[in-house]
Each structure stands twice: as C-alpha cells, then as structure tokens.
Amino acid sequence: EAGVTQSPTHLIKTRGQQATLRCSPISGHTSVYWYQQALGLGLQFLLWYDEGEERNRGNFPPRFSGRQFPNYSSELNVNALELEDSALYLCASSSVSSTDTQYFGPGTRLTVL
Amino acid sequence: AQKITQTQPGMFVQEKEAVTLDCTYDTSDQSYGLFWYKQPSSGEMIFLIYQGSYDEQNATEGRYSLNFQKARKSANLVISASQLGDSAMYFCAMRERYSGAGSYQLTFGKGTKLSVIP
C-alpha cells in the first residue's frame, strides 16, 4: 500500500512570492493534516481537512490556506512568503478509526530567500 | 503550560541496550491518544506506537513499548535492544478530543535526539 506522498521535495522561493505544496493521502484516508516544522519551533499544527472541508486551523495567519479535493488530496498555499516561512512542511493522513493514527509523508522543504 | 514535555534533548545508548525516552503530558480531556514518532535525518515522521487513554494494558510494537502511567500523566517510550538504525529524533504527541469541536490534530513535544553508540 502506498504511503502519503508530497510534492515537491524541495521548493525555493523569494520573499513575497507564493508557494503551493501538494499532498496525496493513503488510499481510503479522508483526513489530511498539515504541520510546519521550523528550526527551533518544533512541529506546529497548520490545517486539518476532512471530506473536503476545513475542520480546524492552527495559530497561523490567513496567508496560509489550502483545500482538499474530491479525491482527498490536498494543497497548501502560502502567500506573500516571509523568510520565517522557511521550514519543513509535513502532511499526514488518517482514517476514521479507534486510534485515528496519522501517517506522515516525507515532507516538502521550503526555503524562502 | 506545555501540553507535551520531553525533558531529554539528547540521549546516548549503547547498541543492544534498552533505553527509555521520557514524555509527560497535560490535558483535562478524559479521552485522548498518545503517540510516538521517529524522525530520521531524512525528515519523514514514522509512526511507532499508540496508547489510548482508556487502554489498561501498556502498548507494545516489536521492540517498542509504551510505559503508560495515567495518574502521573506520563507515557515513556522504551526501546529494547537498540540498533544503530534507531539513531533519530523521537517525538511524543497527543491527540485530544474536544467535545463539539472534534479537534483531532496532534500536539507534539520538542523531541529527544537519540544516538546509538556501536
């Protein structure tokens, strides 16, 4: 069974540009989560999508947004990039189960110059 | 207050020895889940083990076991017979379930860097 996939692996942008990150969940998983792992800040929850709807968002400004498509894949958009947006962005997926275990993809490393 | 506390920034263990990574948590929820993930230098988060708040038995998965002490709010990870490939960052995480909002995201600790010495 294929795991969570993310693209691109690496992304280099300049300040003020927009970045688009993509995630495909494990087959059968309807929930997708996005986390940011910035140096020194640990893993921070960004967004949660389930069945095409945004269910919850973390303490991030509105320029972080996303969506979930009918096939449950998801896109994270970051507008007006700032230097501090440089981080590893991890996507996870889960299915409705007793544990709701989240399985992570390999991440997209975003560098803002 | 931090919801997940991992007090050991770094740990060393001899190959083939056992090691315990500490994790304490804080929640007022009765229903919650505790997870441990491994993050090698490549960056991917690998799920290791899960413990539910209502589970009476400690969880085990191969060489990994979770020492769950509910009254102390601790969920320590025990790795038996350490291998060189166990060298990585280890994160403890909690999923709380708020009534109504159904918030399912994970809250992570800051992690412990484990180094296995040959």
Side-chain angles (χ1 to χ4, degrees), chain A residues 1 3-6 8-11 21 23 26 29-51 53-60 66 86-111, chain B residues 2-9 23 29 31-57 59-61 64 66 68 75 88-113:
Chain A
E1 181 181 289
V4 178
T5 60
Q6 291 186 245
T9 305
H10 293 91
L11 190 57
L21 289 63
C23 171
I26 291 170
H29 286 190
T30 61
S31 276
V32 170
Y33 306 79
W34 287 94
Y35 294 87
Q36 182 197 65
Q37 188 176 27
L39 206 59
L41 293 178
L43 278 136
Q44 306 288 326
F45 166 70
L46 261 168
L47 289 159
W48 168 34
Y49 291 95
D50 182 61
E51 296 285 358
E53 301 282 333
E54 181 182 301
R55 300 297 185 185
N56 203 10
R57 66 180 292 129
N59 189 24
F60 282 84
S86 294
L88 180 67
Y89 288 83
L90 291 162
C91 170
S93 73
S94 73
S95 62
V96 176
S97 72
S98 60
T99 68
D100 293 328
T101 298
Q102 294 181 25
Y103 296 92
F104 285 78
T108 292
R109 191 164 294 280
L110 173 64
T111 302
Chain B
Q2 288 185 44
K3 289 203 169 186
I4 298 285
T5 303
Q6 294 181 253
T7 57
Q8 306 151 314
C23 172
D29 274 15
S31 176
Y32 52 89
L34 297 158
F35 302 80
W36 277 91
Y37 288 87
K38 172 184 177 181
Q39 188 178 41
S41 56
S42 59
E44 183 170 357
M45 297 286 284
I46 301 167
F47 166 69
L48 295 178
I49 196 166
Y50 164 84
Q51 180 84 40
S53 58
Y54 293 119
D55 295 340
E56 294 185 355
Q57 302 268 8
T60 59
E61 288 284 352
Y64 304 107
L66 201 152
F68 182 47
M89 284 290 290
Y90 288 81
F91 290 93
C92 179
M94 177 171 63
R95 185 211 62 238
E96 298 167 283
R97 292 200 184 202
Y98 306 114
S99 59
S103 178
Y104 283 53
Q105 72 265 19
L106 295 174
T107 302
F108 287 86
K110 294 190 182 299
T112 295
K113 184 173 183 179

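Within every chain, numbering begins at 1; the chains are lettered A, B, ... in the order of the sequence lines, protein sequences first and strands thereafter.
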Got a donor-acceptor contact below 3.5 angstrom from the B:Gln51 side chain to the B:Gln57 backbone?
yes
Counting heavy-atom pairs under 4.5 Å to chain B, which of A:Gly107, A:Gly105, A:Gly3, A:Gly58 comes out on top?
A:Gly105
Hey, does the side chain of B:Tyr37 reach the backbone of A:Phe104 with a donor-acceptor pair shorter than 3.5 angstrom?
no
Could you tell me which residues satisfy side chain to side chain donor-acceptor pair (under 3.5 Å) with A:Ser95, sequence neighbours excluded, listed by chain and number?
none
Taking only residues two or more places apart in sequence or in another chain, which ones pass side chain to side chain contact (heavy atoms under 4.5 Å, CB included) with A:Gln44?
A:Phe60
Give, as side chain, backbone, both or neither, the part of A:Gln6 having an atom under 4.5 angstrom from any heavy atom of chain B.
neither
As an exercise: rank A:Leu47, A:Thr101, A:Leu90 by heavy-atom pairs under 4.5 Å with chain B and give me the winner.
A:Thr101
